Asks: 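Structure below; questions to follow.
Small disclaimer: the values here were computed from a predicted structure and weren't measured. The chains referred to below are lettered A, B, ... by the order of the sequence lines, with proteins before strands, and numbering in each begins at 1.
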2 protein chains.
Amino acid sequence: MTDGVAERSRPRDRILETAQDMFHKHGIKGVGVDAITEAAGTNKMTLYRHFESKDDLIVECLRATASKASRIWDEFEAKHPGDKLAQLHAWVQKASELLSADSRGCDMANAAVELTETDHPARRVIKELKEAQREKLVALCRDAGIGQAELLADTLSLLLEGARVSMQSVGAEGPSAQFVRMAESLIASFRAR
Amino acid sequence: MTDGVAERSRPRDRILETAQDMFHKHGIKGVGVDAITEAAGTNKMTLYRHFESKDDLIVECLRATASKASRIWDEFEAKHPGDKLAQLHAWVQKASELLSADSRGCDMANAAVELTETDHPARRVIKELKEAQREKLVALCRDAGIGQAELLADTLSLLLEGARVSMQSVGAEGPSAQFVRMAESLIASFRAR
DNA sequence: CTAGGGTGTTACCGGTCTGTAACTTTCAGA
DNA sequence: TCTGAAAGTTACAGACCGGTAACACCCTAG
């Protein structure tokens, strides 16, 4: 009713999906477990039967989000089978869609900003997942025949990361509006070397 | 004693400085007013005599931080009077020093991530101050004789913003390690156009 | 010396937070 | 139809949060 989540799924799935959404919109420290369970159409006890703690829920949410994101890479391969350069351009395109569709940035980066305790269980997960994403982008650049693949991948990563956080500071009309142009001319200049 | 702030200054100044430091290290929602006043060697009542609310304190902290940052620009002009291109390289150098000295990124960007309420008083301040910084960098690029000054400035902004948030996710050995190389080759390529 | 503003101290308010206990209801499968 | 696990309900514990009231203290300007 007040709920955007498919009503008849298992409570654990509803909690996970609702928590992802609410953490994303309001920040991790900006939403309590009561609010999550209420929005998920269940209650706190059920949450704690499925998750050890809020921290555990956070970790599971990050893993779920990363898992969704990794499915996007399969789309690239499906749409441009074998054509790695086209897949790289598709990456840029997809990134720009993310920017225009959603102004709250990357859940993992946001979590890293919010969870300042150096030993927070989510921090190792964030690092692990971000490094996996980096590896994918490096491999894509390399397979697209670009010489300095690592450098291009890292530059594109920083540009996107910067665009997603810049949107949260100054909005979509700020520097992030030029993301596609920046990324494409970067790729062109790396290809020309 | 447990306190890094100069002991004998006015309580208001101590609170402001301590709050900046603690907000930076632990995040805005990660530190309470009690902890701030205790670290500042004073008490909560004194804080509320000088600041209307925690939100007001947050805003003043952001303004103070931005004011410190703007003094850096004076250094550029002092060290390389009239030589705008040298000042731009000094900006890159200074940015990389920020990256190696501190892994908690930009206070304004972090605040934008944490304070998700769209009508939070800090949000307009963040936008305002970030836009002012952007204007400065655009002017510097233009005065350095670069044609597409806005595009270079925005690209450098996104790179730095991305580097500062990337450090918080994957650490200093991640993509942000290449920031100087990226920035310098960007400047070179814009100058060659 | 004295008046008064800035500061410190203590206690408190109402609210929210994570997490738990004890109990009841629902519902699917044997 | 019976059983047993999953889920819902209510209440609560203990801590912390932002913010305020009332009062005692100091210390400097006059």
Asks: Determine whether the side chains of A:Ser166 and B:Glu161 contain a donor N or O and an acceptor N or O closer than 3.5 Å.
Replies: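 No, no side-chain donor-acceptor contact under 3.5 Å.
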Asks: Distance check needed: D:dA21 P versus B:Met45 CE, whole Å only.
Replies: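 Atom-to-atom, B:Met45 to D:dA21, this comes out as 8 Å.
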Asks: Rounded to whole Å, how long is the line connecting atom CD of A:Glu114 with atom P of C:dC17?
Replies: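 Rounded to whole Å, this separation is 14 Å.
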Asks: Find the distance between OG1 (A:Thr65) and CD (A:Gln20) and round it off to the nearest 0.5 Å.
Replies: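 Rounded to the nearest 0.5 Å, the OG1-CD separation comes out at 4.0 Å.
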Asks: For the residue pair B:Leu115 and B:Ile58, establish whether any side-chain heavy-atom pair is separated by less than 4.5 Å.
Replies: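 Yes, close enough: below the 4.5 Å cut-off.
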Asks: Side-chain donor-acceptor pair under 3.5 Å between A:Asp21 and A:Thr18, yes or no?
Replies: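 Not at all, the side chains of A:Asp21 and A:Thr18 share no donor-acceptor pair under 3.5 Å.
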Asks: Send over the distance from B:Arg14 CZ to C:dG6 P, rounded to a whole Å.
Replies: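 Atom CZ in B:Arg14 sits about 15 Å away from atom P in C:dG6.
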Asks: To the nearest 0.5 Å, tell me how far B:Asp143 CG sits from B:Leu88 CG.
Replies: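 These two atoms lie 10.5 Å from each other.
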Asks: Indicate whether OP1 or OP2 belonging to D:dA7 is found under 4.0 Å from a side-chain N or O atom of A:Thr42.
Replies: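 The answer is no; no side-chain N or O of A:Thr42 sits under 4.0 Å from OP1 or OP2.
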Asks: Which whole-number value in Å describes the distance from A:Glu38 CD to C:dC17 C1'?
Replies: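 That distance rounds to 15 Å.
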Asks: Carefully, step by step, assess A:His89 and A:Glu184 under the rule side chain to side chain donor-acceptor pair (under 3.5 Å).
Replies: CA-CA 8 Å; A:His89 286 115; A:Glu184 287 297 348; 3.1 Å; yes
Asks: With side-chain contact (heavy atoms from CB on, under 4.5 Å) as the test, pick out the partner of B:Ile146 among B:Arg193, B:Arg191, B:Lys84.
Replies: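 With B:Ile146 as partner, side-chain contact (heavy atoms from CB on, under 4.5 Å) holds for just one option, B:Arg191.
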Asks: To the side chain of A:Asn43, which of C:dT9, C:dG8, D:dT9 is closest?
Replies: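 Selected nucleotide (nearest to the side chain): D:dT9.
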Asks: Indicate whether the side chain of A:His24 and that of A:Asp102 have a donor and an acceptor atom separated by less than 3.5 Å.
Replies: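 Note: A:His24 and A:Asp102 side chains meet the donor-acceptor criterion.
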Asks: Hey, does the side chain of B:Thr46 come within less than 4.0 Å of C:dT7's phosphate (OP1/OP2), counting only N and O?
Replies: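 No, no such contact exists.
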Asks: Of the nucleotides C:dT9, D:dG8, D:dT20, which has the atom closest to the B:Lys44 side chain?
Replies: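 For the B:Lys44 side chain, the nearest candidate turns out to be D:dT20.
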Asks: Of the residues in residues 19-35 of chain B, which ones touch DNA chain C at a heavy-atom distance under 4.0 Å?
Replies: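 Contacts with DNA chain C under 4.0 Å: none.
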Asks: I'd like to know if the side chain of B:Asp56 pairs up with that of B:Ser53 as donor and acceptor (distance under 3.5 Å, no hydrogens or angles considered).
Replies: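 Side chains of B:Asp56 and B:Ser53: no pair found under 3.5 Å.
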Asks: Between B:Arg10 (CZ) and D:dC27 (C1'), how many Å, whole number?
Replies: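 The answer, rounded to whole Å, is 13 Å.
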Asks: Please work out which residues in residues 47-55 of chain B have a non-hydrogen atom less than 4.0 Å from an atom of DNA chain C and list them by number.
Replies: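 Contacting residues: B:Arg49, B:His50.
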